[in-house]
Visitor: 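If you scroll down you'll find the structure; I have some questions about it.
Quick note on labels: first sequence line is chain A, next is B, and so on, each numbered from 1. Just so you know, these numbers come straight off a predicted model, no measurement behind them.
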2 protein chains.
Amino acid sequence: MDLQDKLNQKGLRLTKPRQVVMTILERATVPLSPQAIHQHAIENQADIGLVSVYRTLELLTTMGLVRRVHGQDSCEGYVLASPGHHHHLVCRTCDRAVEFTGTDNLIPLLEQLQHETGFTVDEHLLQLYGLCPDCQN
Amino acid sequence: MDLQDKLNQKGLRLTKPRQVVMTILERATVPLSPQAIHQHAIENQADIGLVSVYRTLELLTTMGLVRRVHGQDSCEGYVLASPGHHHHLVCRTCDRAVEFTGTDNLIPLLEQLQHETGFTVDEHLLQLYGLCPDCQN
DNA sequence: TCCTTATTGAAAAAGATTTTCAATAAGGAT
DNA sequence: ATCCTTATTGAAAATCTTTTTCAATAAGGA
Ligand SMILES: [Mn+2]
Ligand SMILES: [Mn+2]
Ligand SMILES: [Zn+2]
Ligand SMILES: [Zn+2]
């Protein structure tokens, strides 16, 4: 089922801005801010408004097609999200982000914490930072 | 070594805004935004400027005394950071945040990823979200 | 092709953060 | 205790980011 169907199914429409944002994110190797996405669009002769970039990112995020990546200091930007449980490993120098599959490494920790704190834990944010092969020299 | 010394050591000074921000964070149970901190200050008759709150948060963060906590959607705010390796468990309803000690649960995952991706991994961001005991009803 | 209405984009409004700069005060030196 | 240097403050302005409004447009089902 492609983007068109996923949208139409909910009474939503496949529009130029939505296609453009999606394509840009598909090609990106680093998390992109709304501004950066807008810039890319303009450079590719795709004349869409910044407002629509914001609106599209919000939509795609709630649809689970896009994920927000947090930087160490400020919030970095948005990346395409594969379906399922994933996290990101981000290069501190060039910002390149690779996705990795969530494991159950955390389960013992979660259980211990639920026990100790009385909290229930149902979501987590895990991001790793380091240097990509190219940036290690 | 107290805050005074830590600052003086670097040629920096212990000022009213810095004391006030630190005190407010010490008393807080939820991550606070710069605005929220400023508001607290005013309510406590401590007449400091919002600009200084920003500057102080940046300073305390680079000194490692304060940590920025990311929300699930937007960036939440700042909390006091105990020295050492810690993470936060945040209540999705009332925002209460409890700190927990970093464990070595992640080590196998890190090693596997370094191997598979060629990245070196030296930092990570881990935050857990759930419901605190009070908010479970 | 027509019709409904979701969506767009320009402009304005609202909010958040940073820069500037003269006035102030921290704290080492005398 | 008093000076002196200079780090720091805070008001205002500048800048940047995000949201709201609303008339014009264009998806896409009929
Ligand atoms: Mn963030
Ligand atoms: Mn996970
Ligand atoms: Zn890199
Ligand atoms: Zn709670």
Visitor: Using whole Å, what does the distance between atom P of nucleotide C:dT20 and atom CG of B:Leu50 come to?
Guide: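 That distance rounds to 18 Å.
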Visitor: Rounded to the Å, how far apart are A:Asn8 CG and D:dA27 C1'?
Guide: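 So the CG-C1' distance, A:Asn8 to D:dA27, works out to 9 Å.
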Visitor: Starting from the C-alpha separation in whole Å, work towards a yes-or-no answer on side chain to side chain contact (heavy atoms under 4.5 Å, CB included) for A:Leu57 and A:Ile37.
Guide: CA-CA 10 Å; A:Leu57 287 174; A:Ile37 292 172; 3.9 Å; yes
Visitor: Using a cut-off of 4.0 Å on non-hydrogen atoms, how would the nucleic acid contact of B:Gln4 be classed: base, sugar-phosphate, or nothing?
Guide: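 The answer is sugar-phosphate, as B:Gln4 gets under 4.0 Å only of primed atoms, P, OP1 or OP2.
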Visitor: Apply side-chain hydrogen bond (donor to acceptor under 3.5 Å, both in side chains) to residues A:Glu116 and A:Gln112 and explain how you reach the verdict.
Guide: CA-CA 6 Å; A:Glu116 285 178 12; A:Gln112 184 198 340; 2.8 Å; yes
Visitor: In whole angstroms, how far is the P atom of D:dT25 from the CG atom of A:Asp47?
Guide: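 Distance, rounded to whole Å: 15 Å.
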Visitor: Under 4.0 Å between a side-chain N/O of A:Thr15 and OP1 or OP2 of C:dT8, yes or no?
Guide: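 Looking at the OP1 and OP2 atoms of C:dT8, one of them is under 4.0 Å from a side-chain N or O of A:Thr15.
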Visitor: Report the base-pairing partner of D:dT9 (Watson-Crick or G-U wobble, both distances below 3.5 angstrom), or none.
Guide: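 In the structure as shown, D:dT9 has C:dA22 as its Watson-Crick or wobble partner.
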Visitor: Give the rounded distance in Å between these two atoms: NE2 of B:His38 and C1' of C:dT17.
Guide: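 So the two atoms are 14 Å apart, to the nearest Å.
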Visitor: So which nucleotide does C:dG15 pair with, by the Watson-Crick or G-U wobble rule with both distances under 3.5 Å?
Guide: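 Matched C:dG15 with D:dC16 under the 3.5 Å cut-off.
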Visitor: Can you work out whether B:Tyr54 or A:Val51 has the more 5'-proximal nearest nucleotide on DNA chain C?
Guide: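 Between the two, 5'-proximity favours A:Val51.
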Visitor: How many angstroms lie between atom CD of A:Glu43 and atom NE2 of A:His38, to the nearest 0.5 angstrom?
Guide: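 Spacing of CD (A:Glu43) from NE2 (A:His38) equals 11.0 Å.
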Visitor: Nearest-Å distance, CG (B:Leu7) to P (D:dT6)?
Guide: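 Checked: the CG to P distance equals 19 Å.
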Visitor: How many whole angstroms separate atom CG of B:Leu12 from atom C1' of D:dT5?
Guide: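 For the pair B:Leu12 CG and D:dT5 C1', the rounded distance is 15 Å.
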Visitor: Can you check the A:Arg18 CZ to C:dT8 C1' distance for me, whole Å?
Guide: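 It is 10 Å, rounded to the nearest whole Å.
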Visitor: Answer yes if the ring centres of A:His124 and B:His87 are under 6.0 angstrom apart, and no otherwise.
Guide: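 Ring centres of B:His87 and A:His124 not closer than 6.0 Å.
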Visitor: Quick one: B:Arg55 CZ to C:dC21 P, roughly how many Å, whole number?
Guide: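 So the CZ-P distance, B:Arg55 to C:dC21, works out to 14 Å.
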Visitor: Select one nucleotide: of D:dG28, C:dG9, D:dG10, the one nearest the side-chain heavy atoms of A:Arg13.
Guide: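 So the nucleotide nearest the side chain must be D:dG28.
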Visitor: Evaluate the criterion side chain to side chain contact (heavy atoms under 4.5 Å, CB included) for residue pair A:His40 and A:Val20; output intermediate values, then yes/no.
Guide: CA-CA 9 Å; A:His40 276 246; A:Val20 170; over 6 Å; no
